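This report refers to the structure that appears directly beneath it.
Worth saying up front: this structure is predicted, and the values here are computed from it rather than measured. The basis for the numbers below is simple: all heavy atoms, side chains too, and nothing from hydrogens, waters or symmetry mates.
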Amino acid sequence: MDAADRQALVTRYTEEVVTEPELGELLADGDPSVYIGYAPTGEMHIGHFTTIRKLADFLRAGLDVTVLIADLHAHLDDEKSPYELLNARSRYYQAATEAMVAAAGADPEAIEFVRGTDFQLSEEYALGLYRTAAETTLARSRRAASEVVRESDSPTVGGLFYPLMQSLDVRALEADIAYGGIDQRGIYMLARELLPEHGWHAPACVFAPLLSGLSGGKMSASEADSKVNLTDDREAIEEKIGGAYCPAGERADNGVLEYLEYLVFPVLAERGERFVIERPEEYGGDLVYEAYEPLEEAFLDGRLHPADLKPAVAAAVDEVIAPVRATLTDRPELLAEAYPETYGDD
RNA sequence: CCGCCCUUAGCUCAGCCCGGUAGAGCAGCCGACUGUAGAUCGGCUUGUCCCCCGUUCAAAUCGGGGAGGGCGGACCA
């Protein structure tokens with residue numbers, strides 16, 4: 001694979017790359033390392049899946065991929081996860097992530113998993129935290145974290161440590177590239193400022209888009225119907241996608257199209273399969289697409305109606321998620337221990 | 001350590017002073033209209049009123065105790 005192909009593979013389906021030339025240099029020098037961190041908080045969903053699917057691209061491009069299960073971060077962020085549940089949730093996150101990587105057609109064994117507390121308790125790391133804490137203003141830290149850390153009437157200091165620690169993670173994991181959703185942008189821009197003053201280079205950044213919620217607007221963790229969960233069965237998926245905001249001919253805030261572009265088509269391509277839409281003769285009969293772009297074109301033109309599209313998307317999403325769902329069903333203790341209130345032993 | 005404030009529907013809150021077993025907005029659900037959804041109309045649901053004890057015929061409301069949360073003061077050798 002030549003340099004241009006590698007760069008295209010690394011940057012496809014992304015929201016932003018900071019910066020393309022930096023990324024080009026890293027790829028020219030060899031096989032750079034890339035990392036993404038997930039704070040094991042609420043249940044993983046289809047949004048995680050899209051960012052994880054891209055790890056398959058990274059692996060294929062020859063990058064060293066590390067997934068950080070940022071357990072402490074999950075607690076620092078307004079105690080989203082109780083301290084006592086960090087281990088259980090970390091186990092669940094790693095297992096679910098591995099299942100998604102496999103479902104995306106890549107080898108989970110090729111990815112290195114690291115737990116935050118594996119290195120964040122070291123003297124060196126702690127000293128780095130104290131020093132960056134001294135150098136960073138409250139306003140700067142708050143601004144960096146604003147898109148990630150939960151807003152609260154009574155914010156804790158933990159939310160201020162959060163972006164500092166994430167910056168230090170880049171160095172501790174010796175990552176050349178920091179990868180994450182575009183909501184992570186503020187934090188990695190801070191990391192790019194801080195790290196050069198602490199004996200490390202500024203990371204290049206690759207940002208994935210955040211999927212729109214199915215009920216319009218942003219995807220919300222508190223809104224069950226706004227997203228497809230990994231545990232949703234076929235029926236639940238059909239119901240959610242069937243009820244999704246999806247104005248004919250419009251792309252803005254259209255989660256249904258985004259599911260196709262960022263998850264369904266990439267996975268189908270990996271498997272060499274095509275996307276089939278069953279449509280009544282009265283509306284023109286069945287359709288088959290090999291790529292997303294022509295489908296979007298037809299949708300924007302009005303040649304493809306949402307009512308015909310939705311059932312096909314639901315079926316495809318169900319197929320993509322099925323092996324992940326199976327893993328979670330086969331190992332019920334993962335969810336039961338991570339979320340005892342929801343899946344508690346009965 | 002001291003003082004003050006808050007806790008009522010999924011969310012934000014009103015009601016408490018002057019006891020009569022609970023309301024609004026938003027959300028949600030169901031219909032109508034669209035070949036989906038949304039928007040727009042029409043309709044509907046929801047509550048250990050933080051917990052315990054007491055006063056009373058009757059307590060979200062009054063009294064006492066407790067829990068959780070917030071704010072401020074004091075201490076600054």
>> Need the pair for B:C17. Rule: Watson-Crick or G-U wobble, both distances under 3.5 Å, any strand; none if unpaired.
In response: none
>> Taking the C1' atom in each of B:G65 and B:C18, what is the distance between them to the nearest angstrom?
In response: 26 Å
> B:G20 and B:U61: how far apart are their C1' atoms, nearest whole angstrom?
Replying inline: 11 Å
> Expressed as a whole number of Å, how far does the P atom of B:G31 sit from that of B:A37?
Replying inline: 10 Å
> Can you tell me the Watson-Crick or wobble partner of B:C41, both distances under 3.5 angstrom?
Replying inline: B:G31
>> If I pick the C1' atom on B:C17 and the same atom on B:A32, what distance separates them, to the nearest angstrom?
In response: 47 Å
> Which pairs, with at least one residue in residues 242-254 of chain A and sequence neighbours excluded, count as a side chain to side chain donor-acceptor pair (under 3.5 Å)?
Replying inline: A:Arg251-A:Glu296
> When the P atoms of B:G15 and B:G23 are considered, how many whole Å apart are they?
Replying inline: 15 Å
>> Enumerate the side chain to side chain donor-acceptor pair (under 3.5 Å) contacts for residues 321-333 of chain A, please, sequence neighbours excluded, ordered by first and then second residue.
In response: A:Asp318-A:Arg325
> ring-ring contact (aromatic ring centres under 6.0 Å, His included) with A:Phe275: which residues, sequence neighbours excluded?
Replying inline: A:Phe265
>> Please report the distance separating the C1' of B:A60 from the corresponding atom of B:C76, rounded so that it comes out in whole Å.
In response: 44 Å
> Distance between the C1' atoms of B:C13 and B:C51, in whole angstroms?
Replying inline: 22 Å
>> With rounding to the closest Å, how many angstrom separate the P atoms on B:G47 and B:G64?
In response: 31 Å
> Any salt bridge (charged side-chain N to carboxylate O under 4.0 Å, His left out) pairs touching residues 101-126 of chain A, not counting sequence neighbours?
Replying inline: A:Glu124-A:Arg171
> For A:Glu20, does its backbone N or O pair with a side-chain atom of A:Gln7 as donor and acceptor, under 3.5 Å?
Replying inline: yes
>> Please name the nucleotide paired to B:C26 by Watson-Crick or G-U wobble geometry with both distances under 3.5 Å, or report none.
In response: B:G10
>> Pairing check on B:U48: which nucleotide meets the Watson-Crick or G-U wobble criteria with it, both distances under 3.5 Å?
In response: none
>> Please name the nucleotide paired to B:C4 by Watson-Crick or G-U wobble geometry with both distances under 3.5 Å, or report none.
In response: B:G70
>> With side chain to side chain donor-acceptor pair (under 3.5 Å) as the rule and sequence neighbours excluded, what pairs involving residues 27-38 of chain A come up?
In response: A:Arg6-A:Asp31, A:Ser33-A:Asp176, A:Tyr35-A:Tyr188, A:Tyr38-A:Thr51
> For RNA chain B, which nucleotides open and close the run of contacts to chain A, 5' to 3', at under 4.0 angstrom from a non-hydrogen atom?
Replying inline: B:C29 to B:G70
> Side chains of A:Glu84 and A:His75: do they bring a donor and an acceptor to under 3.5 Å?
Replying inline: no
